[in-house]
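One structure is given here, and the rest of the page talks about it.
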Amino acid sequence: MTIPEFQRAGGVLAQLSMLRIESAGPIVHLRLNRPAKRNAINDELVAQIHTAFVNLPGDARCAVISGEGEHFCAGLDLSEVSERSVAEGIAHSRAWHAAFDAVQFGPVPVIAVLQGAVVGGGLELASAAHLRVAQASAFYGLPEGQRGIFVGGGGSARIPRLLGVSRMTDMMLTGRVLDAQEGQALAISNYLVADGKGLAKAFELAHKIAGNAPLSNFAVTQALPRIADLSQSEGLFVEALMSAIAQGDDAAKERVRAFLDKRAAKVSKP
Ligand code: 1HE
């Protein structure tokens with residue numbers, strides 16, 4: 001698959017100085033663009049991530065987020081860690097929550113492409129995406145423990161859902177760093193590819209995702225994680241509603257008919 005022609009996004013997205021945002025048809029590509037600071041996230045960048053994800057183009061069907069340079073993201077910009085009051089600290093963390101909620105619960109599935117450092121807030125951002133494509137150079141750490149702080153960008157809620165409370169505890173208490181192979185074995189990444197191949201893989205996946213019925217993608221990204229948080233009985237109830245809504249959509253009816261008319265692809269062995 002060739003990487004499609006991307007055009008610089010316009011409007012409010014063009015004004016976000018720390019992100020480079022481009023679109024190709026239904027795919028939007030957002031790049032963290034502070035390579036000199038290893039894409040460390042300061043207050044401005046977290047605000048820009050939020051603005052970007054609540055202003056995605058109306059025709060977007062899938063987003064890819066990546067980091068410019070050799071590292072995906074070095075986490076919180078430590079140069080901005082100043083004396084904050086308790087109230088200011090809560091507001092700071094809540095700003096990250098709002099931004100990363102906009103990533104996870106925004107209008108389209110999001111794929112993160114990872115390389116080099118995926119640490120602290122960088123791992124929190126990656127865990128807000130729906131899929132992760134890691135390149136061989138990726139490594140994962142939670143140096144908050146060593147910096148005397150705690151996760152604040154949703155990491156305590158999202159990261160254990162990827163790798164478990166026990167492993168996150170180890171990473172935070174001991175500073176243990178996982179390499180790309182370990183990350184793949186623990187399902188931090190969904191795909192592991194050679195260095196330099198991550199974007200092409202993500203765009204290939206994004207094309208598949210963009211071709212799905214929008215309501216199916218909505219069910220997967222919005223209902224699935226919420227059902228996982230419910231009791232089994234409540235979850236099955238929500239599943240029944242979501243399933244009926246998706247099935248009732250014209251796109252579902254057309255796709256099922258296409259299969260029965262032998263116009264749609266079969267499921268084939270990988
Ligand atoms: C930074 C940051 C940063 C780099 N904040 N400036 N995150 C961390 O504890 C990770 C800290 N960073 C590192 O361990 C390393 O920088 C990396 C492994 C990511 C990359 O190493 P390297 O050798 O490629 O780069 P470098 O030489 O260390 O850094 C290049 C520049 O980026 C340098 O600035 P310069 O002015 O001297 O050129 C670094 O100071 C700067 N830089 N990382 C500020 N993080 C919502 S709560 C989330 C809590 C957390 O995320 S805690 C984890 C913080």
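Every number for a ligand or one of its atoms is a count from 1 in the order of the listing. Heavy-atom basis, side chains included; hydrogens, waters and symmetry copies ignored.
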According to side-chain hydrogen bond (donor to acceptor under 3.5 Å, both in side chains), does anything in residues 132-147 pair up with another residue at least two apart or in another chain? List the pairs. Ser137-Asp195
The remaining residues in the hydrophobic cluster of Val220, counting side-chain heavy-atom contacts under 4.5 Å among Ile, Leu, Val, Met, Phe, Trp and Tyr, are Leu224
Could you pull out every N or O of ligand 1 that sits under 3.5 Å from a protein N or O, with the distance for each pair?
| from | atom 1 | to | atom 2 | distance (Å) |
| --- | --- | --- | --- | --- |
| ligand 1 | 5 (N) | Leu76 | O | 3.4 |
| ligand 1 | 5 (N) | Leu78 | N | 2.8 |
| ligand 1 | 7 (N) | Ala74 | O | 2.8 |
| ligand 1 | 9 (O) | Arg147 | NE | 2.6 |
| ligand 1 | 9 (O) | Arg147 | NH2 | 2.9 |
| ligand 1 | 24 (O) | Arg38 | NE | 2.9 |
| ligand 1 | 24 (O) | Arg38 | NH2 | 3.4 |
| ligand 1 | 24 (O) | His71 | NE2 | 3.0 |
| ligand 1 | 25 (O) | Arg38 | NE | 3.0 |
| ligand 1 | 25 (O) | Arg38 | NH2 | 3.3 |
| ligand 1 | 32 (O) | Ala36 | O | 3.3 |
| ligand 1 | 34 (O) | Lys37 | NZ | 3.3 |
| ligand 1 | 36 (O) | Lys37 | NZ | 2.6 |
| ligand 1 | 45 (N) | Ala74 | O | 3.2 |
| ligand 1 | 45 (N) | Leu76 | O | 2.9 |
| ligand 1 | 51 (O) | Leu76 | N | 2.8 |
| ligand 1 | 51 (O) | Gly121 | N | 2.7 |

Just one of Lys37, Arg38, Arg34 clears the salt bridge (Lys or Arg N to Asp or Glu O under 4.0 Å) bar with Asp77, so which one? Arg34
Can you check whether His92 reaches Leu76 side chain to side chain, under 4.5 Å on heavy atoms?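 In contact.
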Ile21 vs Phe6 side-chain heavy atoms within contact, under 4.5 Å: no
Pairs of donor and acceptor atoms involving the side chains of residues 99-113, under 3.5 Å and at least two apart or interchain, shall be tabulated with distances.
| from | atom 1 | to | atom 2 | distance (Å) |
| --- | --- | --- | --- | --- |
| Asp101 | OD1 | Arg158 | NH2 | 2.6 |
| Gln104 | OE1 | Arg158 | NE | 2.6 |
| Gln104 | OE1 | Arg158 | NH2 | 3.1 |

